[in-house]
Amino acid sequence: MVSVNELKTANPGMWTDAADDALRAARKCEELAAFARDEVAATVRQCWAGDTGEAARKKFVKHADDYEAAATSLKGLGRTYDDLAAAMTDAQRDLNSALEYARTRDLTVEDSGRVKLSKPVAVPEGSTEHLEPVRHAQGIIDGALRKATSADVEAATMLRVIDGLTRIENPDLVREALKGDSPLAIALRLAGGNDGLHPVNVPAAQIAALEKAARETGMSKKLLLAILWQEQQWYQNHDRDGKGLLPGFGRFFDWSLQRTLVPDKSLGITHIKLETARAVIAENPGAFSLGDGKTLNDLSDSQLTKYIEENPNEDIRLSAYHLKGLQEPPYGATSDKDLFVLYAADTPDVREKNEQYGDESGNRGGDIKTRGENWDKLSPHLDDAMAWDELSDQERQEAIRQIESQTPSGHHVSIDPIYATGGPTTGTGTGTPEPGTPSPSPQAPPTPPSEREPSTPSEPSESSEPTPGPSGSAPSPAASN
């Protein structure tokens with residue numbers, strides 16, 4: 001979320017200037033493309049006949065396509081900066097209006113956008129009329145920050161697409177990639193890598209359980225994926241399915257620690273504490289029933305610990321219900337990032353800081369700051385992976401094929417969704433080979449000796465050499481008469 005100070009000090013004019021620069025460069029590329037295609041290539045066609053001349057003409061046409069693709073990318077960059085500047089200008093105007101309104105009515109506006117009275121006001125019991133200015137300013141500021149944040153996210157997303165376009169030489173594919181969330185645009189963002197973040201290394205069964213838990217509790221899929229990423233156990237880095245020797249040892253080790261040295265040990269793939277799990281089960285007995293009127297809370301600590309460690313799907317459900325409970329009260333728990341932070345430490349101080357700073361992590365301290373920054377880094381990669389997950393297999397295959405066509409022949413193609421989404425994620429380039437790449441021989445390879453057909457003796461001809469006699473010498477003419 002864009003903060004009050006960030007929006008207040010933003011300089012939309014810089015983005016407008018950048019847009020103008022990009023559009024000037026685009027026009028230059030268009031001129032070069034037209035010159036290469038309409039003049040040089042046409043002249044070569046007329047003046048240089050034969051195969052060599054045709055090859056030269058095609059090369060100039062290829063240069064024209066390259067310039068056209070660059071021009072289209074630069075136009076997309078210019079539009080992105082223009083749209084960002086326009087949205088930020090509108091949001092900044094609304095914010096400044098609300099800040100002036102708040103100043104004249106002795107209201108305080110915090111960096112998160114929270115508005116409150118600067119000092120207590122004596123009013124009749126039950127009256128809320130004095131809060132009307134607070135509500136009015138709050139509504140305008142919230143709208144301005146939402147508009148600025150949305151523009152910032154959209155611009156960042158499109159800039160990642162445009163970065164991927166540096167590898168695309170086909171103008172038609174460039175235009176397709178610039179169409180919002182086209183499959184190709186999503187694939188290009190994923191092909192840019194995960195900025196060094198580890199994957200959410202769980203099998204498809206856990207992703208399906210997570211989606212079910214999200215529907216069951218109303219929690220967002222993105223938030224639950226972020227919890228799985230943040231709390232990932234050491235053994236999950238080596239074994240996605242969780243059925244090998246290392247996961248078995250890891251679960252036994254956690255169970256042993258909880259039973260001996262660390263009674264408050266966090267458990268399972270979502271790192272939920274036993275005390276927290278029991279509280280969640282008590283608040284939602286129907287969701288964790290064992291039948292016969294019993295719930296998971298009827299298990300002993302040892303049994304419940306083992307149950308959580310050995311049933312990752314139920315572990316995910318417990319965490320989903322826990323996150324749902326963190327929303328009550330809603331103070332300091334209004335966004336997915338708030339809940340992501342509260343999952344680690346639900347204290348009055350953390351909730352107050354969530355209200356004070358909103359989604360801004362820079363002013364936080366210690367582990368909470370690190371956790372908030374993790375959310376900021378992880379968030380766009382989760383968005384891209386979820387967008388890829390929502391595509392059909394056919395759409396994903398076509399996007400991979402399009403990237404393959406723009407990748408030098410033989411080179412590996414890979415996209416990296418941060419969690420396993422199914423469908424293709426790799427391929428092999430089919431584009432123009434890089435200079436210096438050996439070309440295959442146009443002739444068929446020689447047949448190995450073992451596969452050759454046996455030769456058949458041919459009849460002697462008049463031009464055949466005389467056959468040597470038994471002594472090794474050629475017969476004399478007289479002997480042949």
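The figures that follow rest on heavy atoms only: side chains count, while hydrogens, waters and symmetry mates do not.
Look at Asp338 and Arg351 and you find no salt bridge, because none of the NZ, NE, NH1 or NH2 atoms lies under 4.0 Å from a carboxylate O. Taking the charged nitrogens against the carboxylate oxygens, Arg317 and Glu314 do have a contact shorter than 4.0 Å, which makes a salt bridge. Taking the charged nitrogens against the carboxylate oxygens, Asp21 and Arg24 do have a contact shorter than 4.0 Å, which makes a salt bridge. Residues Glu283 and Lys324 are not paired through a salt bridge, judged by the lack of any N-O separation under 4.0 Å between the basic side chain and the carboxylate. The residues Arg396 and Glu390 are annotated as not salt-bridged, no charged nitrogen and carboxylate oxygen being separated by less than 4.0 angstrom. A salt bridge does not link Asp416 with Arg189: none of the charged nitrogens is closer than 4.0 Å to a carboxylate oxygen. We find that Lys377 and Asp195 are not joined by a salt bridge, their nearest charged nitrogen and carboxylate oxygen being 4.0 Å or further apart. We find that Glu231 and Arg371 are joined by a salt bridge, their nearest charged nitrogen and carboxylate oxygen being less than 4.0 Å apart. Note on Glu398 versus Arg401: salt bridge recorded, some NZ/NE/NH1/NH2 to OD/OE distance being below 4.0 Å.
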Exercise for the section: Kindly determine whether Val2 and Lys147 satisfy side-chain contact (heavy atoms from CB on, under 4.5 Å), including the steps that lead there. Expected result: CA-CA 9 Å; Val2 173; Lys147 184 184 296 183; over 6 Å; no
Practice task
Would you check, one step at a time, whether the test side-chain hydrogen bond (donor to acceptor under 3.5 Å, both in side chains) holds for Asp389 with Tyr419?
Solution key: CA-CA 9 Å; Asp389 198 11; Tyr419 71 93; 3.1 Å; yes
Exercise for the section: Begin from the C-alpha positions of Leu323 and Leu224 and carry the test side-chain contact (heavy atoms from CB on, under 4.5 Å) through to its verdict. Expected result: CA-CA 9 Å; Leu323 289 164; Leu224 292 176; 3.6 Å; yes
Practice task
Please step through side-chain contact (heavy atoms from CB on, under 4.5 Å) for the pair Leu223 and Trp375, ending with a clear verdict.
Solution key: CA-CA 9 Å; Leu223 173 59; Trp375 172 272; 4.3 Å; yes
Handout entry: Working for side-chain contact (heavy atoms from CB on, under 4.5 Å), residues Asp315 and Asn311
Key = CA-CA 6 Å; Asp315 184 18; Asn311 293 275; over 6 Å; no
Problem - Audit row: Asn201, Gln232, side-chain hydrogen bond (donor to acceptor under 3.5 Å, both in side chains) steps and yes/no - result: CA-CA 8 Å; Asn201 208 32; Gln232 186 157 296; 5.9 Å; no
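The shortest non-hydrogen separation linking Ala333 to Leu326 is CB-O, 3.5 Å. Of all heavy-atom pairs spanning Thr89 and Pro12, the tightest one is OG1-CB, 3.4 Å. The minimum heavy-atom distance linking Leu318 with Val280 is given by the pair O-CG1, 3.8 Å. Minimum heavy-atom separation, Trp388 to Pro424: CZ2-O, 3.6 Å. Scanning both residues, Ala144 and Leu7, for their nearest heavy atoms gives O-CD2, 4.0 Å. When all heavy atoms of Pro171 and Ala69 are compared, the closest pair comes out as CG-N, 4.0 Å.
Side-chain contact between Cys29 and Leu74: present, with at least one pair of heavy atoms (C-beta onward) separated by less than 4.5 Å. Contact of the Leu228 side chain with the Ile316 side chain is registered, since non-hydrogen atoms from C-beta on lie closer than 4.5 Å. Here the side chains of Thr425 and Leu190 are not in contact, with every heavy-atom distance at 4.5 Å or above. With a 4.5 Å cut-off on side-chain heavy atoms, Ile403 and Leu184 count as touching. Ser361 is listed as a side-chain neighbour of Asp376, based on a closest heavy-atom distance under 4.5 Å.
With 3.5 Å as the limit, one finds a donor-acceptor pair spanning the side chains of Asn374 and Gln230. Looking at Glu31 and Tyr67, their side chains never bring a donor and an acceptor atom within 3.5 Å of each other. Judged by distance alone, the side chains of Ser3 and Lys8 never bring a donor and an acceptor atom under 3.5 Å apart. Between the side chains of Ser379 and Lys222, a donor-acceptor pair is found at a separation under 3.5 Å. Residues Gln206 and Asn313 bring a donor and an acceptor atom of their side chains to less than 3.5 Å of each other.
Taking the six-membered ring for Trp and thresholds of 30 and 60 degrees, Trp229 and His198 have nearly parallel ring planes, at less than 30 degrees apart.
Here Ile162 contributes atom CD1 and Ser73 contributes atom OG; the two are 7.0 Å apart, rounded to the nearest 0.5 Å. Between atom CG of residue Asp83 and atom CD of residue Glu154 there is a gap of 8.5 Å, rounded to the nearest 0.5 Å. The NE2 atom of His322 lies 9.5 Å from the CG atom of Leu339; values are rounded to the nearest 0.5 Å. Atoms OG1 and CD1, from Thr270 and Ile272 in turn, are 5.5 Å apart once rounded to the nearest 0.5 Å. Separating the NZ atom in Lys75 from the CG atom in Leu77 is a distance of 13.0 Å, to the nearest 0.5 Å. The distance from the CD1 atom of Ile186 to the OG1 atom of Thr157 is 10.5 Å, given to the nearest 0.5 Å.
One N or O on the side chain of Asn170 and one on the backbone of Asp172 form a donor-acceptor pair closer than 3.5 Å. A donor-acceptor pair under 3.5 Å is formed between the side chain of Ser182 and the backbone N or O of Glu176. A distance-only check finds a donor-acceptor pair linking the side chain of Ser112 to the backbone of Glu355 [under 3.5 Å]. Under the 3.5 Å distance criterion, the side-chain polar atoms of Glu309 are matched with a main-chain donor or acceptor of Gly268. Formation of a donor-acceptor pair under 3.5 Å by the Glu68 side chain with backbone atoms of Ala33 is not found in this model. Distance alone, capped at 3.5 Å, is enough to place a donor-acceptor pair between the Gln406 side chain and the Glu169 backbone. A donor-acceptor contact shorter than 3.5 Å links the side chain of Ser405 to the backbone of Gln402. No donor-acceptor pair closer than 3.5 Å links the side chain of Thr149 to the backbone N or O of Arg146.
Taking the ring axis of Tyr357 as reference, the NZ or CZ atom of Arg364 does not stay both within 45° of it and closer than 6.0 Å to the ring centre.
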